[in-house]
Structures are given as C-alpha cells and as structure tokens.
Amino acid sequence: VSYGHQVGGLVGRTNDSDAETDQTTDKAIIRNCWFDGNLSLKGETTVYGGGIVGYLFRGDLDMSHCLNTGNLSTETTGRALHFGGVIGSAYNYGTLNLTDSLSTGILDVNYSIGVGSVIGRVSCEKQDQRIVNITDTYVLADSYEVPVGTSAATAKINGAPAPLKEEFLTGYTVYQWTSLDFADNWAVVDGDTPILQKFATSVPSVAGQKKMINLDWYNLDAKKYEIE
C-alpha cells in the first residue's frame, strides 16, 4: 500500500464514540479472525498499520480468538509510525479487551518508536481515558523487540502479551505451554502454528497431552493470584 494512512490486515480503522461528549456509545467486536498475508506500507505522513486492526480511534473494542501469521513491513519517511502485529494504535476514550489471541508474523520496520509485535502505540489525552486489558495472548518472541511499542503515561494497560520462542508455539507444545482455548476455539497443527477451529478442516484431540503450566491458582474473577 503506497501512502497508506490507516491500514489493517482486516480492518483499517474503528471509531465508535460520541465526538460531542467524548463518551463511548457502543462497542466494536472482532472475533474468530485470521490474517495470513503480507502488509507493506509506504508513506510520508503518520502511518497506522496492524495485522488485524490499523487504528482504534476512540471507543470500546473487544478482540478475541484472533490470529496473525502475516508479515508487516514499512518504509515510512513520515513523522510518526504506529505499527503492530495485531493493532497499530489504540487512541483515546474507551477500553480495548484483547484475549485468547496469537501473533507470529514478523515486523520489518525502519523506525523503532511506536512499534510493537502486538500493539504499536497506546495513548490518550487524559488520565485513564484509554484502558487496555490483555489476557491469554501470545506472540512469537522473534517477531519484534517488544510486544507493546509505546504507551503514554496517561493510558492504563492491564496484563501483557507473552513472548514465546517458535518451538513453544507449534504442534502440541503450544497446547502444553499456553492458556489458549483449545477446547472451543483453537486447533493444534502438527509441526506448525495452531489455527482457529473456525478455519480447521479437522480438530485433533489433545487428550492425554500434559499441560506444562498450571493456572488453577489464578483467580480470574478477582484478577489476582492466590496461593493457599
């Protein structure tokens, strides 16, 4: 995309709020989606690019069961870059919930500020206007240096994507070492990255596979760890 301003593998921009009151009026929902391609942006202005969503501009967004296996690159000469494996930028007013998702695509950029393997930039004008909640989300450790590129002091981020090496994100190992929902949403692929059951021709059984992590001591409702 030449001179792409707000570009995503699936969605360029979401904007869901009342411009008069700066209050969220509704919620956007993205679930069970997969981007597997190459997204290349060139531009001389501010560039927003993401594997799933390029630019979340105001409003609430719930993202769940999302997979990015596509590669992203840019040669922008502009003044700012917002570039992420899942979301390019989350800006102002609202809550972003990202859960049960995976990104393994590689980011190739010539500008390091505002770039993350999952989210490029999180920002807002007033304290706690933009809240980001990240749970059960994983990213290939080699895709880029940091999962979240730039976060303004006024924004609030709860949780973080977990970077894992490729050997932990393929075959049955990804079932053993992650908390992705293989019961209802993900399918193991022998020797490769898991895919969403929605796109799978078959769903291999994980019966008998031993979990290498134990999340029983995490109280999801209270959002805290409890050890008795």
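- Considering only residues two or more places apart in sequence or on other chains, Thr104 meets the side chain to side chain contact (heavy atoms under 4.5 Å, CB included) condition with Thr69, Leu102, Leu140, Leu169, Thr193.
- For the pair Asn71 (side chain) and Asn38 (backbone), a donor-acceptor distance under 3.5 Å is absent.
- Using a distance-only test at 3.5 Å, with no hydrogens or angles considered, no donor-acceptor pair links the side chain of Thr170 to the main chain of Asp192.
- When all heavy atoms of Val139 and Ser117 are compared, the pair lying nearest together is CG2-OG, 3.4 Å.
- Here the shortest heavy-atom pairing between Cys33 and Leu10 reads CB-CD1, 3.5 Å.
- Residues Leu72 and Gly50 share a closest heavy-atom pair of CD2-C, 3.7 Å.
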Query - Worked check of side chain to side chain contact (heavy atoms under 4.5 Å, CB included) between Gln176 and Met212 - result: CA-CA 5 Å; Gln176 295 175 317; Met212 304 305 292; 3.7 Å; yes
Requested in this report: Evaluate side chain to side chain contact (heavy atoms under 4.5 Å, CB included) for Cys66 paired with Ile30, printing each intermediate quantity in order.
Outcome: CA-CA 8 Å; Cys66 293; Ile30 300 175; 4.2 Å; yes
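- Under the ring pair (Phe, Tyr, Trp, His ring centres under 6.0 Å) criterion, Tyr175 pairs with Phe182, sequence neighbours left out.
- Within 6.0 Å of CD on Glu166 lie no more than 12 heavy atoms contributed by other residues, nucleotides or ligands.
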Requested in this report: Apply side chain to side chain donor-acceptor pair (under 3.5 Å) to the pair Thr99 and Thr135, showing each step before the final yes or no.
Outcome: CA-CA 5 Å; Thr99 188; Thr135 56; 2.8 Å; yes
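- Linking Ile, Leu, Val, Met, Phe, Trp and Tyr residues whenever their side-chain heavy atoms come within less than 4.5 Å leaves Trp34 and Val203 in two separate clusters.
- Closest heavy-atom contact between Ile131 and Asp128: CG1-O, 3.7 Å.
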Query raised in the report: After noting the C-alpha distance and the side-chain angles of Val118 and Asn68, does the key distance pass the side chain to side chain contact (heavy atoms under 4.5 Å, CB included) rule?
Result: CA-CA 9 Å; Val118 176; Asn68 172 45; over 6 Å; no
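- The minimum heavy-atom distance linking Ser103 with Val86 is given by the pair CB-CG2, 3.9 Å.
- There is no side-chain donor-acceptor pair under 3.5 Å between Asp108 and Ser73.
- Tested against Trp186, the residues Thr178, Asp181, Asp100 include a single side-chain hydrogen bond (donor to acceptor under 3.5 Å, both in side chains) partner, Asp100.
- Residue pairs meeting the side chain to side chain donor-acceptor pair (under 3.5 Å) criterion with at least one member in residues 194-207: none, sequence neighbours excluded.
- With His82 as reference, Tyr48 is the one residue of Phe57, Tyr48, Tyr91 to meet the ring-ring contact (aromatic ring centres under 6.0 Å, His included) rule.
- Summarising the geometry of Ala187 relative to Ala200, their closest heavy-atom pair is CB-CB, 4.1 Å, with the distance given to 0.1 Å.
- Within the 4.5 Å cutoff, the side chain of Leu107 has heavy atoms near those of the Val115 side chain.
- At a threshold of 4.5 Å between non-hydrogen side-chain atoms, the residues Met63 and Ile52 count as touching.
- Between Asp60 atom CG and Thr14 atom OG1 the span is 10.0 Å, to the nearest 0.5 Å.
- Scored by the ring pair (Phe, Tyr, Trp, His ring centres under 6.0 Å) test, Phe35 finds no partners at all (sequence neighbours excluded).
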Only pairs under 3.5 Å count here: list side-chain donor-acceptor contacts from residues 152-165, not counting sequence neighbours, and write none if there are none.
residue : atom : partner : partner atom : Å
Thr154  : OG1  : Cys124  : O            : 2.8
Asn158  : ND2  : Asn133  : OD1          : 2.7
Lys165  : NZ   : Asp142  : OD1          : 3.3

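- Put simply, CG on Leu98 and CG on Leu61 are 8.5 Å apart, with the number rounded to the nearest 0.5 Å.
- Rounding to the nearest 0.5 Å gives a distance of 10.0 Å between CG of Asn97 and CD1 of Ile134.
- Under the salt bridge (Lys or Arg N to Asp or Glu O under 4.0 Å) criterion, Asp62 pairs with Lys27, sequence neighbours left out.
- To the nearest 0.5 angstrom, Ile87 atom CD1 is 6.5 Å from Leu56 atom CG.
- Judged purely by distance below 3.5 Å, without hydrogens or angles, the side chains of Tyr138 and Ser179 pair a donor atom with an acceptor atom.
- Hydrophobic cluster membership differs between Ile29 and Tyr55, with clusters built from Ile, Leu, Val, Met, Phe, Trp and Tyr side chains linked at under 4.5 angstrom.
- Arg121 places no side-chain N or O within donor-acceptor distance of the main-chain N or O of Thr150, the cut-off being under 3.5 Å.
- The number of heavy-atom neighbours closer than 6.0 Å to CZ of Arg13, taken from other residues, nucleotides and ligands shown, is above 12.
- With hydrogens and angles disregarded, a donor-acceptor distance shorter than 3.5 Å links the side chain of Gln129 to the backbone of Lys126.
- A distance-only check finds no donor-acceptor pair linking the side chain of Asp190 to the backbone of Gly171 [under 3.5 Å].
- The shortest side-chain heavy-atom distance between Pro204 and Tyr172 falls under the 4.5 Å cut-off.
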